[in-house]
Trainee: 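Sharing a structure with you now.
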Protein chains: 2
Amino acid sequence: MAISPEGTKPRVRRSSGRITLADVARTAGVAPMTASRALNSPATVNPDMVERVRRAVIETGYVPNLLAGALASARSLLVAVVVPSIASTIYLEFVQALRGALASRGYQVILGESDYAHQSEPALLEALIARRPDAIVTVGAVRSEAGRKRLLASAIPVIETWDMTVEPVDMLVGFSQEDVGRAAADFFFDAGRRSLAIISASDDRAAMRAQGFLAAIRARNPGTEVPSVLIPAPSTLGAGRRAFVDLLTRHASIDAVFCTSDMVALGVLTEAKARGLRIPADVAVMGFGDLNFACDTDPPLTTIRADGKTIGREAARLILERSGATAPTERIVDVGFSVVKRASA
Amino acid sequence: MAISPEGTKPRVRRSSGRITLADVARTAGVAPMTASRALNSPATVNPDMVERVRRAVIETGYVPNLLAGALASARSLLVAVVVPSIASTIYLEFVQALRGALASRGYQVILGESDYAHQSEPALLEALIARRPDAIVTVGAVRSEAGRKRLLASAIPVIETWDMTVEPVDMLVGFSQEDVGRAAADFFFDAGRRSLAIISASDDRAAMRAQGFLAAIRARNPGTEVPSVLIPAPSTLGAGRRAFVDLLTRHASIDAVFCTSDMVALGVLTEAKARGLRIPADVAVMGFGDLNFACDTDPPLTTIRADGKTIGREAARLILERSGATAPTERIVDVGFSVVKRASA
DNA sequence: TTGAAAGCGCTAACAT
DNA sequence: ATGTTAGCGCTTTCAA
């Protein structure tokens with residue numbers, strides 16, 4: 001057996017060879033803890049110590065290891081965000097606003113994708129929990145019982161968004177999807193339309209909007225058959241065109257169409273124009289999302305705006321407040337929505 | 001000073017109270033190391049040991065702490081992805097494909113946003129490096145010298161994408177943006193168009209496409225003034241409409257417009273239709289991106305397709321191969337692009 | 001094949 | 001205000 005020069009047992013060495021806080025501390029001539037404080041809470045350290053450490057950081061090219069910091073402090077400064085699909089444009093501004101608001105406070109975002117599939121939800125959540133994020137934000141309610149249990153067991157703050165469920169796992173920022181559908185139907189009725197139809201995507205929240213739409217119609221005219229077409233996610237312009245063709249073929253008399261997404265509504269507009277239908281004279285069209293093209297289509301698209309930016313910012317606010325953890329924070333924020341009346345309806 | 005019952009000095013306790021691998025090991029009646037192996041490399045452990053550990057995991061509700069695992073093993077299973085803007089639809093499929101391919105191998109994605117700003121690039125990269133990702137993927141070349149230096153110093157594999165720079169920091173997956181512009185110009189010339197114009201977004205890569213477009217025109221007709229409009233990122237339908245109006249006002253004779261983004265091209269189509277211009281008879285229109293609406297516009301949009309999915313998958317492949325690290329992996333992958341001829345040009 | 005020891009790089013807690 | 005000590009929860013390394 002090898003014996004080291006001093007006669008002691010050989011030690012295992014497996015340092016990564018990279019610059020660590022200890023190196024910075026040595027260079028600055030202070031204790032590692034002082035270096036740590038100089039970087040993380042400079043106010044608690046003598047200014048010229050801070051300066052010496054700062055210089056040492058530059059000299060050594062030190063970049064902190066947040067993995068180690070997170071492990072030691074039990075704060076990862078990581079927030080997991082779960083979207084149904086990265087490719088769905090409707091949540092982009094939401095993710096952007098959320099990420100931006102968090103980044104300014106040192107948090108970073110890790111991305112999960114639920115693929116509109118509920119069965120893999122628990123596995124996805126577990127993979128995210130394994131990173132020990134300081135919060136988990138999901139688009140839509142957590143549906144699976146297993147998923148809810150895991151979240152609860154993890155004790156990580158959870159924010160469900162874009163929805164108004166009866167029993168959130170923890171916190172909630174959103175609006176009632178059913179009310180959106182109701183508002184669309186009411187709008188059409190108020191505008192004198194009587195033969196309403198709907199083109200709905202098949203995801204959870206679009207289905208809820210559709211449900212509200214149908215409920216509002218039936219509340220006025222019980223037993224009405226509402227012409228409707230269901231299209232698979234993701235919502236595309238082409239799907240909207242084809243769905244509208246389908247609708248017109250089966251129900252020639254419709255005078256208003258609610259689309260659960262602006263992209264689909266743009267498809268309807270496109271198809272209408274291609275076949276010489278006048279919008280809104282012949283058919284009124286309403287979308288959902290108020291995507292950035294909605295105000296510039298021809299005619300401009302009447303739509304229902306749910307402010308993703310606000311949802312993102314509010315979610316970030318709740319996370320930050322909860323991390324402060326002084327008083328109990330509010331648990332439910334209803335950001336509402338608004339009907340944006342333009343020329344198409 | 002407080003003395004503990006046994007007369008020893010009191011110890012500091014700050015366990016999080018959560019279930020750890022040690023708890024699982026105790027429950028299974030094995031050593032922590034055996035539990036670790038049973039979970040991470042079950043092939044090296046006796047099958048019934050694996051079974052006992054598996055049961056203990058379920059019984060205890062254990063969720064591994066990847067923060068700790070990453071620190072100990074110097075593998076974070078994290079990949080940082082930097083996009084110019086989360087809201088820009090053009091990179092969505094790329095991010096989705098990249099994330100998907102990585103997720104299947106246990107990697108997770110952390111999101112950075114460069115905001116089309118180069119000055120904050122080094123700071124952004126440093127924040128990402130602090131997470132010790134196993135790779136950093138950027139959309140576009142890393143421009144700042146400080147950023148390149150930091151990346152090099154970090155020794156983290158880097159993959160620049162959507163570009164073909166002369167000197168990549170490390171690896172590169174993309175295509176020549178200038179060639180895209182050249183291809184657009186050549187396509188128009190071949191179709192007999194002679195008065196070309198361009199509407200270009202102001203981001204780096206759009207500017208390169210524009211440059212290639214102009215270069216190809218000048219190669220044929222030296223000294224030509226090419227009508228052009230520059231629009232700020234992000235590219236929207238409305239910006240396209242207004243730019244086209246601008247173009248028509250100043251140059252009535254143009255017979256072809258290249259747009260550096262499909263969304264802008266859709267704006268041109270919209271404006272053309274609104275003012276009774278025939279596409280492509282009066283003006284040919286070409287976009288870039290082949291976004292999912294391009295095949296369903298009226299008329300269908302001729303565009304240049306750069307396959308984001310392929311770029312994402314190739315980037316993932318390079319990361320995985322590099323992590324295997326047997327033979328030196330290829331450093332540059334040119335995925336090319338293709339002109340998708342539809343009715344608009 | 002299994003286990004014991006050591007330590008990844010950092011910070012909380014305590015001591016001065 | 002600064003330093004010392006003892007881990008955070010895991011895996012590498014080495015020994016059996």
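Protein chains get the first letters and strands the later ones, always in sequence-line order, with residue 1 at the start of each.
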Trainee: Using only side-chain N and O atoms of B/Thr34, determine if any of them is under 4.0 Å from OP1 or OP2 of C/dT2.
Mentor: no
Trainee: Taking the side chain of B/Val30 as heavy atoms from C-beta outward, which of D/dC8, D/dT11, C/dG3 is closest to it?
Mentor: C/dG3
Trainee: Between D/dC10 atom C1' and B/Arg18 atom CZ, what is the distance in whole Å?
Mentor: 17 Å
Trainee: State the CD1-OH distance between B/Ile311 and B/Tyr91, to the nearest 0.5 angstrom.
Mentor: 9.0 Å
Trainee: Quickly work out the A/Met33 CE to D/dT4 P distance and round it to whole Å.
Mentor: 12 Å
Trainee: Could you work out, with salt bridge (charged side-chain N to carboxylate O under 4.0 Å, His left out) as the rule, every residue matching A/Asp170, not counting sequence neighbours?
Mentor: A/Arg322, A/Arg331
Trainee: Suppose we call a contact any N or O donor and acceptor under 3.5 Å apart; does that hold for the side chain of B/Arg132 and the base of C/dG9?
Mentor: no
Trainee: Here's a test of your reading of the structure: between B/Val45 and B/Leu71, which maps to the more 5' nucleotide of DNA chain C?
Mentor: B/Val45
Trainee: Would B/Arg317 and B/Glu321 pass as an ion pair if we require N to O under 4.0 Å?
Mentor: yes
Trainee: What's the angle between the local helix axes at either end of the helix from C/dT1-D/dA16 to C/dT16-D/dA1, using five pairs per end and rounding to 10 degrees?
Mentor: 30°
Trainee: B/Ala31 near the nucleic acid: base, sugar-phosphate alone, or nothing, with a heavy-atom cut-off under 4.0 Å?
Mentor: sugar-phosphate
Trainee: Between D/dT4 atom P and A/Arg26 atom CZ, what is the distance in whole Å?
Mentor: 13 Å
Trainee: Kindly say if B/Thr44 contacts the phosphate of C/dT1, meaning a side-chain N or O under 4.0 Å from OP1 or OP2.
Mentor: no
Trainee: Pick the closest DNA chain C nucleotide for A/Arg37 and for A/Thr20 by heavy atoms, then say which residue is nearer the 5' end.
Mentor: A/Thr20
Trainee: Output the rounded distance in Å from CG (A/Leu67) to C1' (C/dC8).
Mentor: 10 Å
Trainee: Report yes if at least one side-chain N or O of B/Ser36 is closer than 4.0 Å to OP1 or OP2 of D/dT11; otherwise report no.
Mentor: yes
Trainee: Using atom CG of A/Leu66 as one end and atom P of C/dC8 as the other, report the distance to the nearest whole Å.
Mentor: 18 Å
Trainee: May I have the distance from A/Leu77 (atom CG) to C/dC10 (atom C1'), rounded to whole angstrom?
Mentor: 13 Å
Trainee: Check residues 24-36 of chain A and write down every donor-acceptor pair under 3.5 Å in which the side-chain atom is one partner and the other belongs to a residue at least two apart or another chain.
Mentor:
{"unit_1": "A/Arg26", "atom_1": "NH1", "unit_2": "A/Asp23", "atom_2": "OD1", "d": "3.1"}
{"unit_1": "A/Thr27", "atom_1": "OG1", "unit_2": "A/Asp23", "atom_2": "O", "d": "2.8"}

Trainee: Flag the pair A/Arg143 and A/Glu121 as a salt bridge only when some basic side-chain nitrogen lies within less than 4.0 angstrom of an acidic carboxylate oxygen.
Mentor: no
Trainee: Would you say A/Asp203 and A/Pro84 make side-chain contact, with heavy atoms under 4.5 Å?
Mentor: no
Trainee: Under 4.5 Å between any side-chain heavy atoms of B/Val57 and B/Arg54, yes or no?
Mentor: no
Trainee: Measure from CG on A/Asn65 to P on D/dC10 and round the result to the nearest Å.
Mentor: 17 Å
Trainee: Measure CG/A/Asn40 against C1'/C/dG9 and give the value in whole Å, please.
Mentor: 13 Å
